[in-house]
Enquirer: 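I have a structure here, written as structure tokens, and I will follow up with some questions on it.
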Amino acid sequence: MKLDYQRIEAKWRKTWTETQLYRVNEDLSKPKYYVLDMFPYPSGAGLHVGHPLGYVASDIFSRYKRMSGFNVLHPMGYDAFGLPAEQYALDTGVHPAKSTSDNITRYRTQLDNIGLSFDWSRQVRTDDPKYYKWTQWIFLLLYQHYYDTSKQTAVPIADLIAHFEKFGSENVTAASSQHVPFTAENWNTMTAEEQNAMLMNYRLAYRKVGYVNWCEALGTVLANDEVKDGVSERGGFPVVQKEMLQWSLRITAYAERLLSGMDGLQWNESLKTIQRNWIGKSEGAFVDFRVADNLEQSIKIFTTRPDTIYGATFMVLAPDHDLVPLITSDDRKKEVEAFAEKSKNKTTNRTGVKTTEGMWTGAYAVHPLSGENIPIYIADYVLKDYGTGAIMAVPGDDERDNAFATQHNLPIVEIIDRSEYPNAGMGDHEGVLQNSIFLNGLPIDEAIQKMLDYLEKNKLGIRQTEYKLRDANFSRQRYWGEPFPVYYDQNGMPVELNQNDLPLELPELDDFKPSPDGRSPLARIDTWMKPQAGIERETDTMPGYAGSSWYFLRYMDPDNQNEFASKEAINYWQDVDLYVGGIEHAVGHLMYSRFWHKVLYDLNFVPTEEPFKKLINQGMIQGIVESILLMKERDNGYYHFVSADIASERKLDDTIVSAIPVHIDFVSDYGHPDSHLTKEGIEAFIKWRPEYTEALFETKNGVFTASQFGEEQLVTKSEVGKMSKRYHNVVNPDDVIARYGADCFRMYEMFLGPIEQSKPWDTMGIEGVSKFLKKLWSLYYNEQDEWIVTNDEPKEGSLKILHASIKKATEDIERFSFNTSISQFMICVNELRKLDEHSSQVLSPLVQIIAPFAPYIAEELWEALGNTISVHKSSFPQFDKTYLVENVFTYPVCINGKKRSEITLLKDVTNQQIEEQAKALPEVIKWLEDKPIKKVIIIPEKMINFVI
RNA sequence: GCGGGUGUGGCGAAAUUGGUAGACGCGCUAGACUUAGGAUCUAGUGCUGUGAGGCUUGGGGGUUCGAGUCCCUCCACCCGCACCA
């Protein structure tokens, strides 16, 4: 009974490659199904056991779909541009192209070992000029179009120019950075540069001076989603706001469609919520407040609660609001400027800090409804980059305004009567209006509508929807990215490259330091930067998300030289049916791809508006961090480690200085409650960390030096944590596969629990799956390695368990519950072993249903069963429900819902017969104790319940 | 603070529409075979009780003949956003 998985894996890996088993072509006779994994960034560290979780899940599903008659596109590629390769180049001098290629080779070997059914003929790499030609091409599309807000679609910029020539900016319905009115005459007398600058207001890819997230340590700007808590997501370096001329993408034009487009998608709710929050829609109104005694200035505010306007008793501007210097009274100037300066310096990390700090500007605004003068303040709690950077403060129904008013002794008008809603707080949409003239007595939501109508009718304000979403910064001062297909003429005006001149290839370079003025390393290659007199190329490159925003389309037709993909290919494959990947891309990649896809959809390049119909976020595989405990006090000058069991017994928490992570290879019973170091472990540890050579190790039996350590065990502390080099707890899939085989590795990863859940890698549990595979094998081969499958008729009961398993497997795979299908396989194999079943009529379909999970072993057994075509090309078995229908059924017999007995009856007995027979049961008689039966509930084939 | 999610044995977890809670695996206990076992096989294993039985899906309450599942309420943990007007 030898299961030699290494031989089997090598054999089939070779055959599958030679026969191009997973190669797929457009085939109109079959329905298509597109299963996509988020392609990896090929990092130097290689894969750990966590990475393939999603790949294995999508692979099982792909194989199942293929066997179910679908033409499955299941490709893989590499997100090959990126910062780490360039940082690595800076450190070592190895060219990013080389290190990236090396890493890709390594990834490929690891992926192949797992037995994933990718069609490698379709591989894409974002750093391949044949690929990024089209990334550049899409960038130019964005550059050449603007967003028409009335038609809700992208439109060629030429149409806008035609409009400007005839009508100027009048009646233009376009998403823009700022609204600058001009006439047709104005337009026609502008210089080319001026016109170009004006168009930049509208283009979907545009250049502007603005504050950007500048990371000094990385020497580049970052997009909003690449910054977390004021530091760079990669590396954790500080990020500051810096003014720079940068390319941006007008994703804000698509805010509403990005929001509403999610409704029809099969994504999990938390992911949708993350995107909704990021887009941050709020509906309300712009209202203008005139500045008192000042005919020129008025303050535009945004509010979602126009109903509370009668409660506005003062106004607040952001300290850096443009109007502040214009309205501040002379006697307040000094203090206001000082305050503004102070708050500017603390902008970096102000999250969560509630503050009531602020200052009066000396100016008043005129309340637009009451006509009263209300003071204008500046305060930290109003942000320049949200809404208009100014608010009307309603201390009667806003906690921050209230706190501010209390602090600064400003009047508070109670405008909401919440006496009917004792649990509601400020800002809740519960209660009725009071002290608000014509709104009095109205519930909040009605009052909002009434006030909006009033404001618009009297031209005091307009309805408006605001979004938190900002335009996406698209420039990086980096070498290892896509060059912009743009140069600048003598006047600095951008000129786009012709499609024929694409791709604009990255030049060779061997020094990757940024140029001294903060520009990308490309600026140091004069010959590249200035290909001819009067022309200067853009030296920035595109960010990491450029190449990954459309790669799923390239897989449809990866070698096409004339289009990013042919119409035929796109029309056949349409969109991604199933996308599997990590939640960490919720606001970055997934948002940008959807945006690009919608632009391509508007321009009729793709047939669907959304790229990813169904999305599954696989959880993370966590590691167990094993550490040993070091005492704070040294023992006669020696380091002193304590076994974790005595540490908890003696409650030594306060005296332990730190837990030193130990390499998991040294730990016995790794990952278990009684994990510990033995003598060998201690010796390996001090060899690894020589500074602890002299240390003392205290166990229950006393205190020992490493050399004195005998049979005792130093118990380690185990915690669930990230699997990371830092904790020395990385489990490499190659090692697991070498020991247990790829099939076992795949099944175990799935058996661990639901795909969407994170869970620690438990080394011991894999034995169960390993045992299962050996048992499965033993149905086909005996201990002498002889083939024992027969052509006999199946034994009584075998077909029932087989078909139950087919049914369960089908249903479970469809709902991505792979752990439960594996449980069913285990039950099935155990049953068949008990029945001593060796009939090919049972064992042949069994191979097929297990094939998506254990492709190697299944293929080997399938061949041994006499098949000449791969099991992965066969049809997934259909279950036959006649085998599953019971003719007897065991009913639980309950008294008042509690099971007291059971009774086995023929399936088609009448309810009356069931009741009579159940009543006759001795247990029932005993429990009824002659009490009258109030009611009898019989649910056929389920249960019988007597109510007394 | 707001939004989303999750709470079931010693552990990972099952449970279809409200119908025998804890399938399957790990671990543990006992036994068999063994020179040996960290191999294999068999049996047992939610808690409690000698037993009949009683209790049990984060806590409390409700609807129901019957609730892990539905409703109300509280608690804990995880994730996202966070002075968002």
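All figures in this text were calculated on a predicted structure; none of them were measured in a lab. The chains referred to below are lettered A, B, ... by the order of the sequence lines, with proteins before strands, and numbering in each begins at 1.
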Enquirer: Would you mind classifying the nucleic acid contact of A:Gly619 as base, sugar-phosphate or nothing, using non-hydrogen atoms under 4.0 angstrom?
Expert: nothing
Enquirer: Can you check the A:Gln824 CD to B:rA15 P distance for me, whole Å?
Expert: 12 Å
Enquirer: Any idea which heavy atoms bring A:Leu846 and A:Cys828 closest together, and the distance?
Expert: CD1-SG, 3.9 Å
Enquirer: Who pairs with A:Phe825 by ring pair (Phe, Tyr, Trp, His ring centres under 6.0 Å), at least two apart in sequence or on another chain?
Expert: A:Phe853
Enquirer: Any luck finding a side-chain donor-acceptor pair between A:Ser770 and A:Tyr5 under 3.5 Å?
Expert: no
Enquirer: What nucleotide among B:rG4, B:rC83, B:rG25 has an atom nearest to a side-chain atom of A:Tyr381?
Expert: B:rC83
Enquirer: What is the distance, rounded to the nearest whole Å, between atom CE of A:Met747 and atom P of B:rC26?
Expert: 14 Å
Enquirer: What closest approach, in Å, do A:Lys272 and A:Leu265 show between heavy atoms, and which atom pair accounts for it?
Expert: NZ-O, 2.9 Å
Enquirer: Is A:Arg463 atom CZ crowded by more than 12 heavy atoms from other residues, nucleotides or ligands, each under 6.0 Å away?
Expert: yes
Enquirer: Quantified in whole Å, what is the C1' atom distance between nucleotide B:rC2 and nucleotide B:rC24?
Expert: 40 Å
Enquirer: Could you tell me which residues satisfy ring pair (Phe, Tyr, Trp, His ring centres under 6.0 Å) with A:His321, sequence neighbours excluded, listed by chain and number?
Expert: none
Enquirer: Search all heavy atoms of A:Gln618 against all heavy atoms of A:Gly582 and return the closest pair with its distance.
Expert: OE1-N, 3.4 Å
Enquirer: RNA chain B in dot-bracket, Watson-Crick or G-U pairs under 3.5 Å, [ ] crossing, | other strand?
Expert: (((((((..(((......[....)))((((((.......))))))(((....)))..(((((..]....))))))))))))....
Enquirer: Would one find more than 12 heavy atoms of other residues, nucleotides or ligands at under 6.0 Å from atom NZ of A:Lys800?
Expert: no
Enquirer: If we ignore angles and hydrogens, is there a donor and acceptor under 3.5 Å between the side chains of A:Thr273 and A:Ser270?
Expert: no
Enquirer: Between B:rG9 and B:rG5, how far apart are the C1' atoms? Round to whole Å, please.
Expert: 24 Å
Enquirer: Which pairs with one or both residues in residues 301-310 of chain A pass salt bridge (Lys or Arg N to Asp or Glu O under 4.0 Å), sequence neighbours excluded?
Expert: A:Arg305-A:Asp307, A:Arg305-A:Asp397
Enquirer: Please find the pair of heavy atoms, one from A:Ile925 and one from A:Lys919, that lie closest to each other, and give the distance.
Expert: CG1-O, 3.4 Å
Enquirer: How many whole angstroms separate atom CD1 of A:Ile766 from atom C1' of B:rC24?
Expert: 16 Å
Enquirer: What does the list of N/O pairs under 3.5 Å between the protein and nucleotides 61-65 of chain B look like, with a distance for each?
Expert:
{"unit_1": "B:rC65", "atom_1": "OP1", "unit_2": "A:Lys935", "atom_2": "NZ", "d": "3.4"}
{"unit_1": "B:rC65", "atom_1": "O2", "unit_2": "A:Asn945", "atom_2": "ND2", "d": "2.2"}

Enquirer: Please write out each protein N/O paired with an N/O of nucleotides 77-80 of chain B under 3.5 Å, distance rounded to 0.1 Å.
Expert:
none

Enquirer: Does a donor on one side chain and an acceptor on the other come within less than 3.5 Å for A:Tyr467 and A:Glu256?
Expert: yes
Enquirer: Applying a 4.0 Å non-hydrogen cut-off, can you work out what A:Asp812 is touching in the nucleic acid: base, sugar-phosphate, or nothing?
Expert: nothing
Enquirer: Using atom CE of A:Met764 as one end and atom P of B:rC26 as the other, report the distance to the nearest whole Å.
Expert: 11 Å
Enquirer: On a whole-Å scale, what distance lies between the C1' atoms belonging to B:rC65 and B:rC77?
Expert: 36 Å
Enquirer: Between atom NZ in A:Lys934 and atom P in B:rG66, what is the gap in whole Å?
Expert: 10 Å
Enquirer: Could you work out which one of B:rU20, B:rA15, B:rA85 sits closest to the side chain of A:Arg815?
Expert: B:rA15
Enquirer: Between B:rU69 and B:rG7, how far is it from one P atom to the other, in whole Å?
Expert: 12 Å
Enquirer: When every nucleotide of nucleotides 33-41 of chain B is labelled 5' to 3' by its protein contacts under 4.0 Å (heavy atoms), B for base, S for sugar-phosphate only, - for none, what sequence of letters results?
Expert: -------SS
Enquirer: Which value, in whole Å, describes the distance between the C1' atoms of nucleotides B:rA36 and B:rG49?
Expert: 41 Å
Enquirer: Classify the angle between the aromatic ring planes of A:Phe404 and A:Phe314 as parallel (below 30°), tilted (30 to 60°) or perpendicular (above 60°).
Expert: parallel
Enquirer: Roughly how far apart, to the nearest Å, are B:rA82 and B:rC71 at atom P?
Expert: 31 Å
Enquirer: Starting from C1' on B:rA82, measure out to OH on A:Tyr386 and report it in whole angstrom.
Expert: 12 Å
Enquirer: Looking at A:Arg594 and A:Leu258, what are the two nearest heavy atoms and their distance?
Expert: NH2-O, 2.6 Å
Enquirer: In whole angstrom, what separates A:Leu773's CG from B:rG25's P?
Expert: 13 Å
Enquirer: Strictly below 4.0 Å: does A:Arg900 bring a side-chain N or O up to OP1 or OP2 of B:rG54?
Expert: yes
Enquirer: Can you find a heavy atom in the side chain of A:Thr388 that is under 4.5 Å from one in the side chain of A:Glu466?
Expert: no
Enquirer: Partners of A:Phe302 by ring pair (Phe, Tyr, Trp, His ring centres under 6.0 Å), sequence neighbours excluded?
Expert: A:Phe286
Enquirer: Quick check, are the ring centers of A:Trp777 and A:Phe772 under 6.0 angstrom apart?
Expert: no
Enquirer: What is the glycosidic conformation of B:rG5: syn, defined as within 90° of 0, or anti?
Expert: anti
Enquirer: Could you tell me the separation between the CD atom of A:Gln275 and the C1' atom of B:rG3, rounded to a whole number of Å?
Expert: 15 Å
Enquirer: Can you list everything that forms a side-chain contact (heavy atoms from CB on, under 4.5 Å) with A:Pro760? Sequence neighbours excluded, please.
Expert: A:Gln622, A:Ile624, A:Val720
Enquirer: Polar atom pairs between nucleotides 10-13 of chain B and protein, under 3.5 Å, N or O only, would you list them?
Expert:
{"unit_1": "B:rG12", "atom_1": "O2'", "unit_2": "A:Leu752", "atom_2": "O", "d": "2.4"}
{"unit_1": "B:rA13", "atom_1": "OP1", "unit_2": "A:Gln757", "atom_2": "OE1", "d": "2.7"}

Enquirer: Taking only N/O atoms, report every protein-nucleotides 7-9 of chain B pair under 3.5 Å with atom names and distance.
Expert:
none

Enquirer: Can you list the residues that meet the salt bridge (charged side-chain N to carboxylate O under 4.0 Å, His left out) rule with A:Arg276, with sequence neighbours excluded?
Expert: A:Glu269
Enquirer: Which value, in whole Å, describes the distance between the P atoms of nucleotides B:rG1 and B:rA13?
Expert: 29 Å
Enquirer: Using heavy atoms to find the nearest nucleotide of RNA chain B for A:Ile827 and A:Asp398 separately, return the residue whose nucleotide is more 5′.
Expert: A:Ile827
Enquirer: Please compare A:Glu811 and A:Lys899 by the position of their nearest nucleotide in RNA chain B and report the one closer to 5'.
Expert: A:Glu811
Enquirer: Going by an N to O cut-off under 4.0 Å, is there a salt bridge joining A:Asp288 and A:Lys300?
Expert: yes
Enquirer: Salt-bridged, A:Asp812 to A:Arg815, with N to O below 4.0 Å?
Expert: yes
Enquirer: Using the P atoms only, state how far B:rG58 lies from B:rG12, rounded to an integer number of Å.
Expert: 14 Å
